[in-house]
Amino acid sequence: MSIVLTNPAEMIANGAPRIIHNDKELEAYTEALFRLTALEKPSRSEVEAIELLSLLVERYEQEQYPIPAADPVSVVRFLIAQGNLTQRDLIPQFGSESAVSMFLSGHRNLTIEQVRKLSTRFKLPTDVFIPKAVGAKA
């Protein structure tokens with residue numbers, strides 16, 4: 001199925017959009033979405049098109065390009081590497097260098113207070129630092 005989207009509002013009127021099946025359709029829908037979101041004062045039908053296209057794009061991307069949940073140790077290691085930090089730099093969040101080491105080696109879980117402090121320091125949601133249950137959906 002070939003999709004050429006010229007006017008996103010017209011697309012809705014003609015019975016489209018439909019579920020995205022491939023990357024070419026994703027590209028067309030994404031382009032339409034960019035055009036719609038760039039409008040200064042979208043009409044009601046354009047706002048509806050934005051909502052619908054957003055849902056369709058999100059669904060396709062989640063199915064085709066899922067992002068695996070990272071465990072808290074991997075997240076903290078990544079943040080250390082990205083910030084050119086050392087374990088000592090995290091003492092304010094952990095309380096001691098040995099607490100940082102124990103966590104990074106997998107011998108200790110984070111406390112609620114450590115989760116809060118890490119969340120504040122790195123400006124990330126607290127759930128990033130909370131392990132996901134096996135089999136749980138993100």
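Values below: all heavy atoms of this structure, side chains included; hydrogens, waters and symmetry mates excluded. Keep in mind it's a predicted model, so treat the numbers as computed, not measured. For this chain, numbers begin at 1 and follow the sequence in order.
- Classification of E27 and K24 as a salt-bridged pair fails, no side-chain N sitting under 4.0 Å from a carboxylate O.
- Between L52 atom CG and S45 atom OG the span is 12.0 Å, to the nearest 0.5 Å.
- Nearest heavy-atom pair, S119 versus P125, reported as atom, atom and distance to 0.1 Å: OG-C, 3.9 Å.
- Applying the side chain to side chain donor-acceptor pair (under 3.5 Å) test to E97 and every residue at least two apart in sequence or in another chain returns R88.
- For R121, there are no salt bridge (Lys or Arg N to Asp or Glu O under 4.0 Å) partners, not counting sequence neighbours.
- Going from atom CZ of R116 over to atom CD of Q93 covers 14.5 Å, rounded to the nearest 0.5 Å.
- In terms of heavy-atom proximity, Q114 sits nearest to L110 at OE1-CA, 3.3 Å.
- Sorted by first then second residue, the ring-ring contact (aromatic ring centres under 6.0 Å, His included) pairs that include residues 62-108, not counting sequence neighbours, are F94-F103.
- No option in L124, V76, L79 other than V76 meets the side chain to side chain contact (heavy atoms under 4.5 Å, CB included) test with L118.
- Both L104 and L85 are part of a single hydrophobic cluster, where members link through side-chain heavy atoms under 4.5 Å apart.
- Going from atom OG1 of T111 over to atom NZ of K117 covers 8.0 Å, rounded to the nearest 0.5 Å.
- Taking the salt bridge (Lys or Arg N to Asp or Glu O under 4.0 Å) definition, one finds that E31 meets it with R35, sequence neighbours left out.
- I80 and M102 fall into different hydrophobic clusters, where Ile, Leu, Val, Met, Phe, Trp and Tyr are joined by side-chain heavy atoms under 4.5 Å apart, directly or via other members.
- Take L39 and apply the side chain to side chain contact (heavy atoms under 4.5 Å, CB included) test, not counting sequence neighbours, and it matches L36, P42, E46.
- Distance check: D23 CG to Q64 CD gives 7.0 Å after rounding to the nearest 0.5 Å.
- For the pair L56 and Y29, the tightest heavy-atom approach, listed with the atom from each and the gap, is CD1-CE2, 3.9 Å.
- Evaluation of the side chain to side chain donor-acceptor pair (under 3.5 Å) rule for N109 yields no partner, not counting sequence neighbours.
- Looking only at distances, no side-chain donor or acceptor of Y60 sits under 3.5 Å from a matching main-chain atom of L55.
- In terms of modelled atom types and a separation under 3.5 Å, the side chain of D127 and the main chain of I130 share no donor-acceptor contact.
- P131 approaches P72 most closely through the heavy-atom pair N-CG, 3.5 Å.
- Taking both residues in full, the closest heavy atoms of L26 and V57 are given as CD1-CG1, 3.8 Å, listed atom of the first, atom of the second, then distance.
- Residues passing the side chain to side chain donor-acceptor pair (under 3.5 Å) test with T86, sequence neighbours excluded: D89.
- A salt bridge (charged side-chain N to carboxylate O under 4.0 Å, His left out) check over residues 65-81, counting only residues at least two apart or in different chains, returns nothing.
- With sequence neighbours excluded, the residues that form a side chain to side chain donor-acceptor pair (under 3.5 Å) with S98 are S96.
- Within the 3.5 Å criterion, the main-chain N or O of I50 finds a donor-acceptor partner in the side chain of S54.
- Nearest heavy-atom pair, V100 versus I91, reported as atom, atom and distance to 0.1 Å: CG2-N, 4.4 Å.
- Scanning for salt bridge (Lys or Arg N to Asp or Glu O under 4.0 Å) contacts around E58 gives an empty result, with sequence neighbours left out.
- Residues passing the side chain to side chain contact (heavy atoms under 4.5 Å, CB included) test with P92, sequence neighbours excluded: none.
- T120 pairs by the side chain to side chain contact (heavy atoms under 4.5 Å, CB included) definition with nothing, not counting sequence neighbours.
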